[in-house]
Amino acid sequence: MKTTYIRTDLATESPIAEELSTLKGIEFSEEEEGAVHISHLEVTGNEGAELIGKPVGSYITLCFPRLWLERDAVVEQIANVAARELREIAHKVAPGFSRLLVVGLGNRHITPDAIGPLAVEKIQATRHIKLEDGELFRHMGVSEIACIIPGVTGDTGIETAELIAAATVATKPELVILVDALVARSSDRLATTVQITDTGIAPGSGVGNSRSRIDAETLGVPVIAVGVPTVVNSSTLVYDALEKAGIEEIGKELHAVLENGRSFFVSVKESDVATRELATLVAQTIGGL
């Protein structure tokens, strides 16, 4: 019954999260660095993948204080840690890469879902500079970056995966980076967490609107997903509150309420400023590649 109410895109919030360090097919470690709690979770085989419900691959989770309430020095330290972790996994999956395609997933008109578009808007695209003035590009000493914000299928009538696949063919990147909003189990994770994974993503899966999967298999190049949890499912909030109160058995009446299809998603009250700050953090992290 427990897993029925737990909706989360975060690997470290698996229903068996407390057992991660002892599970077969999973390697897990965590550490503190300044204001950042860093978790490294490696799903090494199918057994581990089945246990936590996530594909085989690497999952890096960074947890930190609310950026909009912190001093500039703390925010800079968090950004440096995030940039280092992204750089390490990027060079692991695409050694020596120099061409990037960065994709901002989500709906820019819905604040908690606008992380992807807002972050990519802040990243300096450079591919056109290389094409038009190779000498200037060499002097800049940066990676070749192409950026797209594909929008949502409801607006374009085109599957997001199809647009990204077409952009991949056109720009021939050596690495694709996806930026998206995620669903968390715990409200404590909202706007205070970044997950970096090399397993790709299925846009909308956390909110029950899953689209075609975007990963290395579907695109033909390595894919890294950078996600920020911005919402929690209301049924998950209720269930967690009951669990913390020591109520483990849920009656038929409450079960019917939680499963009636009328659940909604909750964000932090500072959603506007939180989204802007996290988008800036993600942009700085990717821009440093």
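These numbers come from the heavy atoms of this one structure, side chains and all, not from hydrogens, waters or symmetry mates.
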Before you tell me yes or no, could you show the steps for Leu105 and Ile164 under side-chain contact (heavy atoms from CB on, under 4.5 Å), namely the whole-Å CA-CA distance, both residues' side-chain angles and the distance that decides it to 0.1 Å? CA-CA 10 Å; Leu105 299 170; Ile164 297 172; 3.9 Å; yes
Please answer whether the main-chain N or O of Glu30 pairs with a side-chain N or O of Ser39 as donor and acceptor at a distance below 3.5 Å. no
Apply side-chain contact (heavy atoms from CB on, under 4.5 Å) to Met140 and Ile129, showing your working. CA-CA 10 Å; Met140 292 173 66; Ile129 299 175; 3.9 Å; yes
Do Glu85 side-chain atoms and Ile196 backbone N/O form a donor-acceptor pair below 3.5 Å? no
Within a reach of under 6.0 Å around CG of Asn46, are more than 12 heavy atoms found that belong to other residues, nucleotides or ligands? no
Grab the two heavy atoms, one from Lys122 and one from Thr280, that are nearest each other, plus how far apart they are. CE-OG1, 3.4 Å
Taking a hydrophobic cluster as the set of Ile, Leu, Val, Met, Phe, Trp and Tyr residues connected by side-chain heavy atoms closer than 4.5 Å, whether directly or through intermediates, do Ile148 and Val176 fall within one such cluster? yes
CG on Leu101 to SG on Cys147, rounded to 0.5 Å: 8.0 Å
In plain terms, say whether Glu33 and Arg84 are close enough for a salt bridge, that is, a side-chain N and a carboxylate O under 4.0 Å apart. yes
So if you build clusters from Ile, Leu, Val, Met, Phe, Trp, Tyr with side-chain heavy-atom gaps below 4.5 Å, do Val75 and Val282 land together? yes
side-chain contact (heavy atoms from CB on, under 4.5 Å) between Thr111 and Ser267: does it pass, once the steps are laid out? CA-CA 9 Å; Thr111 300; Ser267 187; over 6 Å; no
Hydrophobic cluster membership, with links at side-chain heavy-atom distances under 4.5 Å among I/L/V/M/F/W/Y: are Val228 and Leu190 in one? no
Glu31 atom CD, over 12 foreign heavy atoms within 6.0 Å: yes
May I ask you to say whether Arg66 pairs ionically with Glu277, meaning some side-chain N is under 4.0 Å from a carboxylate O? no
Just checking, any donor-acceptor pair under 3.5 angstrom between side chains of His40 and Glu27? no
Between Phe97 and His91, does the ring centroid distance fall short of 6.0 Å? yes
